[in-house]
Amino acid sequence: MAPFRPVDASFFELPTLELARALLGMALVKETEEGIAAGWIVETEAYIGPHDRAAHSYGGRRTPRTEVMYGPPGHAYTYLMHTHCLMNVVSGKPGHPEAILIRSVEPCAGVGLMYKRRGPVKKERDLTSGPGKLTKALGITIRDYGRPLFLAPLYVAEGRPVREIGTGPRIGIDNAGEAKDYPWRFWEKGNPFVSR
DNA sequence: AAGTGGATTGGCT
DNA sequence: GCCAATCCACTTG
């Protein structure tokens with residue numbers, strides 16, 4: 001039996017702030033030759049188009065890096081941050097460069113593989129409690145750029161219920177002017193894998 | 001062609 | 001708490 005089945009492409013057609021909440025509790029799955037690894041999404045951040053100073057698409061910036069944000073929703077926007085790869089879910093209608101950063105997940109399959117990829121960690125919590133950590137644990141890389149998230153090998157799948165959702169400002173964008181205070185970060189309250 | 005600065009992490013003080 | 005790691009997109013000349 002297949003433990004995970006990808007969502008339909010239409011799942012991603014929600015408005016970005018709604019999709020950012022809807023993604024909580026869903027499974028993020030990556031299949032590789034090493035095996036399958038997956039986590040329940042427990043923390044997201046929305047980045048909304050040309051008027052969001054914290055977004056890479058701020059001001060309508062359109063470059064090879066941001067190009068995927070201008071396409072249809074439900075594709076992967078991966079990019080490098082210092083020594084790490086971060087992953088977003090493209091959202092919004094074509095022409096609207098919006099995306100949702102996956103900030104943390106709770107391991108739900110392939111935990112052994114995650115330990116192998118992450119190297120020594122003090123606690124299980126350290127496996128996936130941050131945007132750079134979870135991509136390494138799941139084996140998500142810059143080569144996943146542009147991939148549809150409703151088909152193997154990288155996809156969102158039906159998840160489990162979320163009791164209560166917390167809301168607050170996004171992390172690491174202190175230089176984004178007034179946008180730094182927008183309450184566009186969402187997390188599952190009480191979940192220990194939330195980055196902070 | 002060279003300089004600047006990150007949507008981060010982990011190790012050390 | 002501070003800071004190096006390490007790379008590349010983007011800006012400026």
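These numbers were taken from a predicted model, which means no experiment stands behind them.
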Original post:
Honestly, is A/Arg62 close enough over A/Tyr70, meaning NZ or CZ under 6.0 Å from the six-membered ring centre and within 45° of the axis?
Top reply: yes

- prompt: Base, sugar-phosphate, or nothing for A/Arg196, non-hydrogen atoms under 4.0 angstrom?
  reply: nothing

A/Lys180 atom NZ is separated from B/dG6 atom C1', nearest whole Å, by 18 Å

Comparing A/Asp126 with A/Ile100, nearest DNA chain B nucleotide closer to 5' gives the residue A/Ile100

- Query: Reckon A/Thr83 touches a base, only the sugar-phosphate, or nothing at all at heavy-atom distances under 4.0 Å?
  - Reply: base

A/Arg62 atom CZ is separated from C/dT11 atom C1', nearest whole Å, by 21 Å

Do the ring planes of A/His75 and A/Phe150 sit parallel (below 30°), tilted (30 to 60°) or perpendicular (above 60°)? perpendicular

Which part of the nucleic acid, if any, lies within contact of A/Leu101, taking any heavy atom under 4.0 Å across all strands shown: a base, the sugar-phosphate backbone alone, or nothing? base

P-based separation of C/dT6 from B/dA2 [nearest Å]:
22 Å

What nucleic acid atoms does A/Arg65 come within less than 4.0 Å of, heavy atoms only: base, sugar-phosphate, or nothing?
sugar-phosphate

From the list A/Ser104, A/Pro107, A/Cys108, side chain to side chain contact (heavy atoms under 4.5 Å, CB included) with A/Trp40 holds only for A/Cys108

Here the distance between atom P of C/dT6 and atom NE2 of A/His84, to the nearest Å, is 10 Å

Salt bridge or not between A/Arg160 and A/Glu106? Use side-chain N to carboxylate O under 4.0 Å. yes

Ring centroids of A/His82 and B/dT8 base under 5.5 Å with planes under 30° | yes

To the nearest angstrom, the CE-P distance between A/Met69 and B/dA7 comes to 12 Å

Is A/Asp52 paired with A/Arg170 through a side-chain N to carboxylate O contact shorter than 4.0 Å? yes

Item to check | Under-4.0 Å salt bridge between A/Lys93 and A/Glu13 | outcome: no

- Message: Regarding C/dA9, can its base be found pairing with the side chain of A/His56 as donor and acceptor, where the two atoms are less than 3.5 Å apart?
- Response: no

Separation of B/dG11 atom C1' from A/Arg118 atom CZ, nearest Å, is 14 Å

Picking from C/dC8, C/dC10, B/dA7, the nucleotide nearest the side-chain atoms of A/Leu80 would be C/dC8

Here the distance between atom P of B/dG10 and atom CZ of A/Arg125, to the nearest Å, is 11 Å

Paired to B/dA7 by Watson-Crick or G-U wobble criteria (both distances under 3.5 Å) is none

Quick note, A/Pro131 side chain, CB onward, closest among B/dT9, C/dC10, B/dA7 is B/dT9

Scanning all shown strands, the Watson-Crick or wobble mate of C/dT6 with both distances under 3.5 Å is none

Q.
If you go through the side-chain atoms of A/Tyr79, does one of them form a donor-acceptor pair with the base of B/dA7 closer than 3.5 Å?
A. yes

Classify A/Asn88 by what it touches in the nucleic acid, base, sugar-phosphate, or nothing, heavy-atom distance under 4.0 Å. base

A/Tyr145 atom OH is separated from C/dA9 atom P, nearest whole Å, by 10 Å

Rounded to whole Å, the CE-P distance (A/Met81 to C/dC10) equals 14 Å

### Message
Looking at A/Arg53, I'd like to know whether one of its side-chain N or O atoms comes within less than 4.0 Å of OP1 or OP2 on B/dA7.
### Response
no

